[in-house]
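Note that this is a predicted model, so its numbers are computed, not measured. Heavy atoms only: backbone and side chains are in, while hydrogens, waters and symmetry mates are out. Residue numbers begin at 1 in each chain, while the letters A, B, ... track the order of the sequences.
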Number of protein chains: 2
Amino acid sequence: MAVFLSTFENKVDGKGRVSVPASFRAALEQEKSTGLILYPSFKHPCLEGCGDERIEQIADSIDALDAFSEEAENLQTILSDSVRLTVDGDGRVMLPKDLIGFAGLNGTAMFVGLGKGFQLWAPDAFKAHREAARERARKSGATLRIVKPGGGGE
Amino acid sequence: MAVFLSTFENKVDGKGRVSVPASFRAALEQEKSTGLILYPSFKHPCLEGCGDERIEQIADSIDALDAFSEEAENLQTILSDSVRLTVDGDGRVMLPKDLIGFAGLNGTAMFVGLGKGFQLWAPDAFKAHREAARERARKSGATLRIVKPGGGGE
DNA sequence: TGGGATACCATGGGATTTTATGGGCGTCAA
DNA sequence: TTGACGCCCATAAAATCCCATGGTATCCCA
């Protein structure tokens, strides 16, 4: 199965183009995605990315709901905020201006692999986010040590 | 499968013409639609749009209902109010005046991708609607998880 | 094991093609 | 004849393609 791993820092040029990391392209091809999907994250100032598969699943799921229900409308916002980008011959995509704005990208973007999907962050925002996550991990790690003494700590 | 994604803002000229977004045209062609279908939404001040395939599904669904029920009669108005528009050589359609009036279009129209179909909104009305929907979507994160169990993504 | 050759990748800058949009002209019907 | 509508053309902006370059990792062979 295709997996997005590691973190890559690539440049966003004046035209809004970024190189998609080679390993991400390989993962996309493996799930037969001709392009990739991006949409603004609900939780963070970053973009969520994935292959075609996931969007089609979402579209199908919405279709299964009562067509005019509020629930369907909520989910539809994902679709209306999504963009489908095609990877050009050089392995790059063009980021729409509004998404660049949403994520605060300014010349550089970080591709963060999350397994079945990935995220796109502005470097500073990502570092802050990562620090916070590590901090939380460290604290919960302390809790774990208390629960299981004798385990190897950090 | 054809999927309508993203949101586009195009101009409606004095003749009532609008360019259909290129990616929407591609989706329509993919499902071999000779044109596109529009009908007034009965929930919102906007127009609902789709391709041939979708309208046939809707017709079938209505047909499956009890023929003389009130529900069936209500839904049948979708079909009687529908218009089929042909896309001209430049990728545009002509919006009938009554539909322009219904959606309150005034020089600009927003094409909103919703997966199997799409909507046409006046910009101001759409922005208000989108804000409300996003807010609800944010609060109903649990619902999103139900859509794709085992899937993830935050 | 070292050094050179090679392939791949990220990136920059044009050139080319697609889109969106405005306007004009002819046809058909009221 | 007048307006509505279909078709064609022109244009500016934007997206897409194509090629060139430099750097880095990989491979191969001595």
*Could you tell me which residues satisfy side chain to side chain donor-acceptor pair (under 3.5 Å) with B:Glu9, sequence neighbours excluded, listed by chain and number?*
none
Acceptor/donor pairs from residues 10-24 of chain B side chains to any protein atom, 3.5 angstrom cut, sequence neighbours excluded:
| from | atom 1 | to | atom 2 | distance (Å) |
| --- | --- | --- | --- | --- |
| B:Asn10 | ND2 | B:Ser19 | O | 2.7 |
| B:Asp13 | OD1 | B:Lys15 | N | 2.9 |
| B:Asp13 | OD1 | B:Gly16 | N | 3.1 |
| B:Asp13 | OD1 | B:Arg17 | N | 2.9 |
| B:Asp13 | OD2 | B:Arg17 | NE | 2.7 |
| B:Asp13 | OD2 | B:Arg17 | NH2 | 3.0 |

*Which pairs pass salt bridge (charged side-chain N to carboxylate O under 4.0 Å, His left out) with one or both residues in residues 119-129 of chain A, sequence neighbours excluded?*
none
*Contacts of A:Thr34 that satisfy side chain to side chain donor-acceptor pair (under 3.5 Å) - sequence neighbours left out*: A:Arg84
_Residues forming a side chain to side chain donor-acceptor pair (under 3.5 Å) with A:Glu135, sequence neighbours excluded_ = A:Arg138
_To the nearest 0.5 Å, what is the distance between CG on A:Asp52 and CG on B:Leu5?_
9.0 Å
*Could you list who else is in B:Phe68's hydrophobic cluster, with ILVMFWY side chains joined at under 4.5 Å, directly or through other members?*
none
*Using a heavy-atom distance cut-off of less than 4.0 Å, which residues of residues 102-114 of chain B contact DNA chain C?*
none
_ring-ring contact (aromatic ring centres under 6.0 Å, His included) partners of A:Phe102, counting only residues at least two apart_ = none
*Where does the chain B footprint on DNA chain D start and end, counting 5' to 3' with a 4.0 Å heavy-atom cut-off?*
D:dC5 to D:dC9
_Tell me which pairs pass side chain to side chain donor-acceptor pair (under 3.5 Å) where either residue lies in residues 70-79 of chain B, with sequence neighbours left out._
none
*asked:* Going by the rule side chain to side chain donor-acceptor pair (under 3.5 Å), which residues pair with B:Asp98 if we only count those two or more places apart in sequence or in a different chain?
replied: none
*Determine, for nucleotides 10-21 of chain C in 5'-to-3' order, which nucleotides have protein heavy atoms under 4.0 Å from the base (write B), from only the sugar-phosphate (write S), or from neither (write -).*
SBBBB----SSB
